[in-house]
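To keep things clear, I will list the structure first and then write my remarks on it.
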Amino acid sequence: MIDIKLLRDQPDAVRVSQRARGEDEGIVDAILTADERRRSSIAEFEALRAEQKSFGKQVAAAKGEQKAALVSAAKATSDRVKELQAAATAADAELATLVRRVPNIVIEGIPSGGEDDYTVLETVGTARDFAAEGFEPKDHLELAEGLDALDMERGAKVGGSRFYFLKGVGALLELALLNMAIAQAVEAGFTPMITPTLVKADVMAGAGFLDAHADEVYRLEADDLYLTGTSEVALAGYHADEILDLSSGPKRYAGWSACYRREAGSYGKDTRGIIRVHQFQKVEMFSYCRPEDAAAEHQRLLDWERQMLAKIEVPYRIIDTAAGDLGGPAARKFDCEAWVPTQGRYRELTSTSNCTTYQARRLNIRERDPRAEGNATRHVATLNGTLGTTRWIVAILENHQQADGSVVVPAALRPFLGIDVLTPTA
RNA sequence: GGAGGCGUCGCCUAGCCCGGUUUAUGGCGCCCGCCUGCUAAGCGGGUUUGGGUUAAUCCCCAUCGCGAGUUCAAAUCUCGCCGCCUCCGCCA
């Protein structure tokens, strides 16, 4: 959630952000009003509560008839205190509800607007000219089936649409890719983590996944648990309610987990193959750092993503996502999109978000404020970014295919896979 | 799933039976100061986290696993929940 003090001091900063996202600006005034009401309500309660407490001490010291008289006098105060407390609690809850509805303040300078208003920051590599090479490229599903690497039909039989079996070299390829991601992360100083994929409601909400995109999330009713769509959720919850020591730099984790997404509202989109599925695997970077370091850390995460993309040798571009296309917790997001030859367009392979202090505020993750004299605390910044997912297989297969349906394994991946060329079985 | 025990301000710990004089005891650790040729020891002070108020200090409120209840008053009594430990049962 955003900082109520910031909204109080600089309401226009919040209005500008809401406008860039295409969201309601009126909520700012509603919050200011609720904030006033909360503070006066609390002041009123606390004043009477202090009176009640000092009265209690007199009661304790008194004896006999005098005590009985004091007790009956105290009853009236007691009732009034309860009323005022209830009012203060209600005012506090009302403010909290409003503040939670506000998405993170976007970072100044990012593009305004929606899904199509991104800025292309850079394009890396060039797409192969299959016409010049003299053959029509096959799509990833056809290639994978030729390699006996993927079984969509039986996936649908077992789990329904958008489920699949990775099989044989397909299963090996995914493991190789994710192992390469973990190896790079460990090399860079990340702590590798295999995370819970079921989490409690407060963690899910804290990471910001129960607001606008709640219908994207699988929920287990009987246990009130949620299946996570990324290990970001568990890694954000990992340090909940803690005071971290970031004096020697960011805390960086690389989470490996299955990811579950309902893909509600995407009927008919990407129905072929494993571009858009309900379950996949991902290695995700997650970083806790000081707020003033967050922008630089965001660049570092992007650089690590680029390193991984370089290893699979596919053409890609980097976009700076527009404000309206950001998730609630994100203040800025860079996506790396790989070229998919048979679609003639770029598809997202990685996504890195700077959530500034938004998630940390909800999850109560702090550090000792290095700028302050005493024990003051402040919220840390959290960031995340993708190092590899099942979807990467699509880009690898399509971009490295040969006329006979075989696929050349990118050199960096060979030590992890142990195979140089994937050959069709038929 | 069943039985029992435990949960106190970084760590350990007193307080709980028997509600009020608790501003939650003491020790360790840590921080500041004094003392000291230096270090140690010693002495004095400080040391949960939110919130309200304030220019700031002061002050005030909440916080004894979480929540509700009883009461003029709850760390203390009652109920529910969560976590940890021990034992029993069941099971991959």
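Note on naming: letters A, B, ... go to the chains in the order of the sequence lines (proteins, then strands), and numbering restarts at 1 for each one. Just so it is clear, the values below take in all heavy atoms, side chains as well, and ignore hydrogens, waters and symmetry mates.
Spacing between B/U23 and B/C60 at atom C1', rounded to whole Å, works out to 14 Å. Nucleotides B/U76 and B/U36 place their C1' atoms 47 Å apart, quoted to the nearest Å. Taking atom C1' on both nucleotides, B/C18 is separated from B/C12 by 27 Å, rounded to a whole Å. Separating the C1' atom of B/U71 from that of B/G19 is a span of 9 Å, rounded to the nearest Å. B/A41 and B/G4: their P atoms are spaced 49 Å apart (whole Å). Remark: the separation of the P atoms in B/C82 and B/G67 is 15 Å, to the nearest Å. B/C9 and B/C17 have their C1' atoms separated by 25 Å, with the value rounded to a whole Å. Comparing B/U8 with B/C84, their P atoms are spaced 15 Å from each other, to the whole Å.
Backbone-only engagement by A/Arg368 is indicated by non-hydrogen atom pairs under 4.0 Å involving sugar-phosphate atoms exclusively. Within the 4.0 angstrom heavy-atom criterion, no nucleotide atom of any strand lies near A/Arg80. Using a 4.0 Å heavy-atom distance criterion, A/Phe45 is classed as a sugar-phosphate-only contact.
Of the nucleotides present, B/C6 is the one that pairs with B/G83 by Watson-Crick or G-U wobble criteria, both distances under 3.5 Å. Judged by Watson-Crick or G-U wobble contacts below 3.5 Å, the nucleotide B/A40 has no partner. In a base pair of the Watson-Crick type (N1 to N3 plus N6-O4 or O6-N4) or a G-U wobble (N1-O2 and O6-N3), with each distance short of 3.5 Å, B/U71 is matched with no nucleotide. Within the shown strands, B/C88 is the pairing partner of B/G1 under the Watson-Crick or G-U definition, both distances less than 3.5 Å. Base pairing annotation: B/G19 forms no Watson-Crick or G-U wobble pair, as no partner gives both donor-acceptor distances under 3.5 Å. The partner of B/C58 cannot be assigned: no Watson-Crick or G-U wobble pair with both contacts below 3.5 Å exists in any strand.
Remark: A/Lys53 is in phosphate contact with B/A62, judged by side-chain N or O atoms under 4.0 Å from OP1 or OP2. Between B/U54 and A/Arg39, no contact under 4.0 Å exists linking OP1 or OP2 to a side-chain N or O. Regarding contacts with the backbone of B/C66, every side-chain N or O of A/Lys200 stays at 4.0 angstrom or more from both OP1 and OP2. A/Ser78 has no side-chain polar atom (N or O) that falls below the 4.0 Å cut-off from OP1 or OP2 of B/U71.
Nearest nucleotide to the side chain of A/Ile42, out of B/C72, B/G52, B/U49: B/G52. The side chain of A/Gln52 lies closest to B/C72, out of B/G52, B/C72, B/C61. When distances are taken from the side chain of A/Ala50 to each of B/C72, B/C61, B/G52, the shortest belongs to B/C61. Side-chain proximity of A/Arg38 to B/U49, B/G52, B/A73: nearest is B/G52.
Taken to the nearest 0.5 Å, the OG1 atom of A/Thr119 stands 9.0 Å off from the CD1 atom of A/Ile319.
Atom CD in A/Glu46 sits roughly 3 Å away from atom C1' in B/C61 (whole-Å rounding). For A/Asp224 and B/C82, the CG to P distance is 12 Å, given to the nearest whole Å. Distance, A/Glu51 CD to B/C59 C1': 16 Å, rounded to whole Å. Here the P atom of nucleotide B/G52 and the CD atom of A/Gln85 are 16 Å apart, to the nearest Å. As rounded to whole Å, 15 Å separates atom C1' of B/C66 from atom CG of A/Asn364.
Between A/Arg80 and A/Glu83 there is a salt bridge, since at least one side-chain N of the basic residue sits less than 4.0 Å from a carboxylate O of the acidic one. Taking a cutoff of 4.0 Å between a charged side-chain nitrogen and a carboxylate oxygen, A/Arg38 and A/Glu94 do not qualify as a salt bridge. Checked for salt-bridge contact, A/Lys251 and A/Glu242 miss the test: no charged N lies under 4.0 Å from a carboxylate O. In summary, A/Asp35 and A/Lys5 do not engage in a salt bridge, as defined by a charged side-chain N under 4.0 Å from a carboxylate O.
Nearer the 5' end of RNA chain B, as judged by each residue's closest nucleotide, is the contact made by A/Arg366, out of A/Asp35 and A/Arg366. Mapped onto RNA chain B by nearest heavy atom, A/Arg49 and A/Ala74 fall at different nucleotides, with A/Arg49 at the one closer to the 5' end.
Closest approach of A/Ala411 to A/Glu313, counting heavy atoms only: N-OE2, 3.5 Å.
Note on ring orientation: taking the six-membered ring where Trp is involved, the planes of A/Tyr253 and A/His239 are tilted (angle from 30° to 60°).
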